[in-house]
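Here the structure is laid out as structure tokens; the discussion comes afterwards.
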Amino acid sequence: MSEAKNPALNRAVSNLQEKSPPLYSTTPPTIYTSDFYFALLLYPPLLLGLNLLFELACTWGGHGLFPVSQVCICPSNAASFSSSSIYYEGCVDSTSAWYLKHNQGPANATFAQQGWFYSQEWSRETLRAALGSVSSDEAVDATYECPTFLPFWSEPVGYSAIVFLAGSGLLVVYFVASMFVTKTIIYEDRVETHYWGGNIEAVPLSKVVETVKHEMAELPPVKKSALTLKADEIVLYKDGKTVTKVLKGGDGKKVKKKELRVEPDDGEEFRSVLEEAKGRAESNEHFFSKEMEGMNATSDESESGAKTFTPSAFAGRGGYWLRAALMTVAYIVVVDFGSKVVFYLIDDLIQPNRPKDADDFKHKVLEISYFTIFLIGSILYHCFKEALNAVPTSVEVGPRALVVTMSRAAKSELEDSYRRVCIPIDAIASVDTMPAGLEGCITRVFDERRAVYVRPRRYFIVTENKTEKVIEKRVANDQEKGMELAVSEFRYFLLPSGQREEFIALIKARVSGG
């Protein structure tokens, strides 16, 4: 049985199992009240209105800061729409002031568009470049004045936008529903809040700092009785994965406390039980402290008796970096070109007679703009950072745990956080090299021939920055076979020949108790 279909297993592996009866529990008879349906009906149109205001503000600001953005290119089929369309006056009506001034003369006639701080010159020959195109410099046939407010119901109606808004509305409905509390519980070690949909949030009792009235009480989906627990740690459980976020102190900076919403029936009784339970609660560094005891995954200290390997980022890794470069190119193609093609085809499917240019596919999909260059640069930066981080700074094989430190990007000041992967020795299901046969041939396309694969039954990912530690626990559905490591780009171990055999032998010895 898979983990996702076994709530008992989910609760057990998440460290949120019910070891003892709750000290306090509140479960409303039903959440399907008038407040529930009121919230579901209120927020989608409210967010739609805010979205329209945001679009209006962005367009208005863009027109003021970048004057040429006030000019739009007429679609080649503008005449096929009625006289009520946004294109008619500028693109079709040859007697309009805009048409006579901007479209009737030669393509190289220059105009000045005034913004808030400066004016910008353009002509129909240079408009595409002025609007940010790098690859396209052909003249446009006609232009029109871009409206500041262009709602989706303007003619021609944007049916693709309507479909997108409808989908967004359904997501908002689900998100609002998932914010309704179905249960509030106090256990011996923590306070839990359960939400519609199955998500759980909790705070360890020893980390609760204060209890205050919720600032949004009585505004659905928050009940009148709602309280806020402010704490130094919060535990999040969703879809069988548990993550705890722990605030760090000692640097003199004021850090906002983590907050947990609780909705007890009786606030005074809840506070009384909470204070009494806090007095008995055991204090730990974090929620997984007992399970990770002695593994040193959250500190710079090495485990006693551990053997440390220090892989090189570049020496002997020519194949690794070549594959990383090829994967980056493929990622750019998928993210930029692929996404444009998908959205273009969806537009064609939903609205085949939508406004189009003569070379619509070329201008919508193949055209390279300054934004495209920025996007490609961002992808290159991200992929290089992740590929660099995927080469561990150190690999420590201790009696209790295999700890992988990934801090190359942090040391190179490419980011301000670093990760450690902690695999308990008793959780390692297998240690394998590159598989043989067809599977090995396919694997070699993506991985190095000398790769070593460790398959754990469970492992922890510790991400640390200046203000907090985030510890995520992952558990395999198949406890016999374990699961593949997948921490961003880090999936396997790659060590020099001599160290590779020593590494494999040492892990197998640790697992067998040697």
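Reckoned from all heavy atoms, side chains included, excluding hydrogens, waters and symmetry mates.
- Side-chain contact between M406 and S488: absent, with no pair of heavy atoms (C-beta onward) separated by less than 4.5 Å.
- Y87 contributes atom OH, which lies 9.5 Å from atom OG of S80 (distance to the nearest 0.5 angstrom).
- Heavy-atom neighbours of D35 CG from other residues, nucleotides or ligands within 6.0 Å: above the threshold of 12.
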| request: Apply side-chain contact (heavy atoms from CB on, under 4.5 Å) to I234 and E259, showing your working. | output: CA-CA 7 Å; I234 189 165; E259 295 183 350; over 6 Å; no
| task | Take R354 and D347, measure what side-chain contact (heavy atoms from CB on, under 4.5 Å) needs, and give me the verdict at the end. | result | CA-CA 8 Å; R354 71 183 189 282; D347 271 350; 3.7 Å; yes
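- Looking only at distances, no side-chain donor or acceptor of K238 sits under 3.5 Å from a matching main-chain atom of V243.
- Considering CG of N51 and OG of S168, their distance stands at 8.0 Å, rounded to 0.5 Å.
- Distance alone, capped at 3.5 Å, is enough to place a donor-acceptor pair between the R408 side chain and the V391 backbone.
- If you take CG on L131 and SG on C146, they are separated by 7.5 Å, rounding to the nearest 0.5 Å.
- Within the 4.5 Å cutoff, no side-chain heavy atoms of T59 are placed close to those of L150.
- Within a 6.0 Å radius of CD in E215, no more than 12 heavy atoms belonging to other residues, nucleotides or ligands are found.
- Side chains of Y237 and E192 form no contact here, defined as non-hydrogen atoms less than 4.5 Å apart.
- The heavy-atom pair separating S85 from P156 by the smallest distance is CB-CD, 4.0 Å.
- At a threshold of 4.5 Å between non-hydrogen side-chain atoms, the residues F490 and N389 do not count as touching.
- Of the options K356, K362, K364, a salt bridge (Lys or Arg N to Asp or Glu O under 4.0 Å) to D360 is made by K364 and by none of the others.
- Atom-to-atom distance recorded for I461:CD1 and I471:CD1 is 11.5 Å, nearest 0.5 angstrom.
- Looking only at atom types and distance, the side chain of Y418 has a donor-acceptor partner in the side chain of E464 under 3.5 Å away.
- Looking at K340 and D336, their side chains come closer than 4.5 Å, going by heavy atoms from C-beta outward.
- When all heavy atoms of T27 and S25 are compared, the closest pair comes out as OG1-OG, 4.1 Å.
- Between L227 atom CG and T193 atom OG1 the span is 10.0 Å, to the nearest 0.5 Å.
- Using modelled atom types and a 3.5 Å distance limit, the side chains of T393 and S407 yield a donor-acceptor pair.
- No donor-acceptor pair closer than 3.5 Å links the side chain of R190 to the backbone N or O of F287.
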| request: Please report the C-alpha distance between Y459 and V487 in whole Å, then the side-chain angles of each, then the deciding distance to 0.1 Å, and finally whether the side-chain contact (heavy atoms from CB on, under 4.5 Å) criterion is met. | output: CA-CA 11 Å; Y459 66 96; V487 185; 4.0 Å; yes
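- Side chain of S225 to main chain of D265: no donor-acceptor pair is present (N/O by atom type, distance under 3.5 Å, no hydrogens or angles).
- When each of Y32, W196, F36, F38 is checked for a ring-ring contact (aromatic ring centres under 6.0 Å, His included) with F180, only F36 meets the rule.
- Heavy-atom neighbours of K245 NZ from other residues, nucleotides or ligands within 6.0 Å: at or below the threshold of 12.
- Considering all non-hydrogen atoms of both residues, L56 and F149 come closest at CD1-CB, 3.9 Å.
- With hydrogens and angles disregarded, no donor-acceptor distance shorter than 3.5 Å links the side chain of K258 to the backbone of L229.
- The CD atom of E145 sits 7.0 Å away from the CD atom of Q70 when rounded to the nearest 0.5 Å.
- Proximity of Y344 to V341: side-chain heavy atoms (C-beta onward) are nowhere separated by under 4.5 Å.
- Side-chain atoms of E263 come within 3.5 Å of backbone atoms of K223 as a donor-acceptor pair (strictly under, hydrogens ignored).
- Around the CZ atom of F361, the shell of radius 6.0 Å holds more than 12 heavy atoms that belong to other residues, nucleotides or ligands.
- For the pair N465 (side chain) and D416 (backbone), a donor-acceptor distance under 3.5 Å is absent.
- Around CZ of F81, the count of heavy atoms belonging to other residues, nucleotides or ligands within 6.0 Å exceeds 12.
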| CA sep, side-chain torsions, deciding dist, call: V92, Y99, side-chain contact (heavy atoms from CB on, under 4.5 Å) | CA-CA 8 Å; V92 180; Y99 190 97; over 6 Å; no
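- Dense packing is recorded around CD of Q114, with more than 12 heavy atoms of other residues, nucleotides or ligands lying under 6.0 Å away.
- For the residue pair E89 / W98, no side-chain donor-acceptor distance below 3.5 Å is found, with atom types taken as modelled.
- With hydrogens and angles disregarded, no donor-acceptor distance shorter than 3.5 Å links the side chain of Y88 to the backbone of A78.
- Side-chain contact check for H363 versus R128: some heavy-atom pair is nearer than 4.5 Å.
- Residues A107 and A139 come closest through the heavy atom pair CB-CB, 4.3 Å.
- Heavy atoms from other residues, nucleotides or ligands lying under 6.0 Å from OH of Y159 number 12 at most.
- Residues Y453 and L485 have side chains not in contact (no heavy-atom distance under 4.5 Å, counting atoms from C-beta outward).
- Without hydrogens or angle criteria, T328 side chain to C383 main chain gives no donor-acceptor distance under 3.5 Å.
- Of all heavy-atom pairs between M179 and R261, the closest is O-NH2, 2.6 Å.
- There is a side-chain donor-acceptor pair under 3.5 Å between T405 and R420.
- Listed for the D93 side chain is a donor-acceptor partner under 3.5 Å among the backbone atoms of T95.
- The local environment of CZ in F343 is sparse, with at most 12 non-hydrogen atoms from other residues, nucleotides or ligands closer than 6.0 Å.
- When all heavy atoms of N103 and G90 are compared, the closest pair comes out as ND2-O, 2.7 Å.
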